[in-house]
Amino acid sequence: MPADLVPAQRALLAANGLSRRDFARVAAFVAGGTWLSLGSEPALAQLSQIKAIPPNAVRINANENPLGPCSQALDAVQRALVNAGRYQFDLIEAFKETLAAQSGLAVEQVTAYAGSSAPLHQAVLGFCSPSRPFVTADPGYEAGEVAAKAVNAKVIRVPLTAGYAHDVRAMAAAAPDAGLIYLCNPNNPTGTLTPHADILWLADNLPKGCVLLLDEAYIHVSGAPMATELVKAGKDVVILRTFSKIYGMAGLRAGAALGRPDLLAKIAMWSGGPLPSLGMAAATASLQVADLVPTRRKIISDLRDETCQFLQAHGIAFVPSVSNCFMVKTARPGTELVAALRTHNVYIGRVWPSWPNHVRVSVGTAADMAQFRTALLKVLAA
Ligand code: PLP
């Protein structure tokens, strides 16, 4: 039983109908590290994979970016490393200030995190409870569901539309008492967009007291408009950004939540402590490289499109994507294809229960994608 709840935590537990026992369970998850390991892309990827992937394997299973951090980020890491004996809070501030300035936001509207998994989980803790459900898309990124289950919040999955967008009207209507509606744009795993106008509509038509959590982890890859204007307008919206995708910093760790300060406070109270200074330094340096995003967008898109054209030429169905992953339709259970490709040393992503005949494939290097294409044809012919 936690003996040292701060007043704000007590108030939140009361407001969300959570008991001290619920809090103790969540606190134990967080303290034990189980929390982050269960609900993150590597963990979710690993759940559908074997424990150890051979070092020479083609790893296109976790939506990582093989380009890694840009050279300017690596230089910044070197500089920060020399001072790594210190907390280097100034690097956290510099990161927030840079992101805020580039986004046209006040620095109070930005909270820095070590990636976006933490604020995703904590937003669920902050806004969902046994009486405030979590609404998400199906198929969608599952990490929020893990958090919702930990606090006994009901999970409501709303199928994507026939055009693979979030069905914003159905999501808004799914639960009048919803605590959080989670919308990932572009969506993981489908790599498909929800129209900007639909996102604006949803922000204006949320159930009373509900917050829209807009996950823009892959927005840079797509080139679609970001929804920062909703934060500027003071809506009940929190946007998540990560440096794990286009910036290639999944192992370095940097991310941010953008929102109204009162909303950010409800998320931030579930974690504490300084952030990794190397990740902060690398993120700031990456933001200052003007052509990084468009250059990498083109590299990733070209590789994705090349493989999708190959699939089309061979009559293999897939979902057209604007992200760094895409879904391939399989004639047999997707899990069988995943296993068969593994025998060719190619590790692709997982299968979503609602789409048992689809597998997710991440965009790797040109060599990775070539090996995937060769292995796929062999497996399909077998
Ligand atoms: N959101 C989405 C949609 C993701 O796919 C991921 C990881 O793959 C994350 C958030 C969290 O990533 P990270 O914690 O590395 O920022």
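Numbering of ligands and ligand atoms starts at 1, following listing order.
Taking 4.0 Å as the cut-off between side-chain N and carboxylate O, Lys235 and Glu229 do not count as a salt-bridged pair. Under a 4.0 Å N-O distance rule, the pair Asp368/Arg59 does not qualify as a salt bridge.
Judged by the shortest distance from any of its heavy atoms, Asn63 lies outside the 4.0 Å radius around the atoms of ligand 1. At least one heavy atom of Cys184 sits less than 4.0 Å from an atom of ligand 1. Ligand 1 has no atom lying under 4.0 Å from any heavy atom of Phe243.
The atoms of ligand 1 that sit less than 4.0 Å from any heavy atom of Lys245 are 7 (C), 8 (O). Taking every non-hydrogen atom of Asp215 and a distance limit under 4.0 Å, the qualifying atoms of ligand 1 come out as 1 (N), 2 (C), 3 (C), 10 (C). Annotation for ligand 1: atoms under 4.0 Å from non-hydrogen atoms of Gly115 are 16 (O). Against a heavy-atom cut-off of under 4.0 Å, Tyr218 is close to the following atoms of ligand 1: 3 (C), 4 (C), 5 (O), 8 (O). Close approach of ligand 1 to Arg253 (heavy-atom distance below 4.0 Å) involves ligand atoms 13 (P), 14 (O), 15 (O). Under a 4.0 Å criterion applied to the non-hydrogen atoms of Ser116, ligand 1 contributes the atoms 9 (C), 10 (C), 11 (C), 12 (O), 13 (P), 14 (O), 16 (O). Close approach of ligand 1 to Thr242 (heavy-atom distance below 4.0 Å) involves ligand atoms 13 (P), 16 (O).
Of the inter-residue distances, the one linking Gln309 atom CD with Arg373 atom CZ reads 10.0 Å to the nearest 0.5 angstrom.
Using the six-membered ring where Trp is involved, Phe243 and Phe95 have ring planes that are perpendicular, over 60° apart on the 30 and 60° scheme.
Only the side chain of Ser244 comes within 4.0 Å of ligand 1, counting heavy atoms alone; its backbone N, CA, C and O stay farther away.
By heavy-atom distance, the residue among Tyr182, Tyr141, Tyr113 lying nearest atom 6 (C) of ligand 1 is Tyr141.
A donor-acceptor pair is defined here as one N or O able to donate and one able to accept, closer than 3.5 Å; such a pair exists between the side chain of Arg304 and the backbone of Ser321. Checked by atom type and distance alone, the side chain of Ser103 never pairs as donor or acceptor with a backbone atom of Leu105 at under 3.5 Å.
Crowding of Gln312 atom CD: a count of heavy atoms from other residues, nucleotides or ligands under 6.0 Å not exceeding 12.
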- Query: Given the rule in the side-chain hydrogen bond (donor to acceptor under 3.5 Å, both in side chains) test, do Asn185 and Asp215 qualify, once you have shown the distances and angles that lead to the verdict?
  - Reply: CA-CA 6 Å; Asn185 196 44; Asp215 188 337; over 6 Å; no
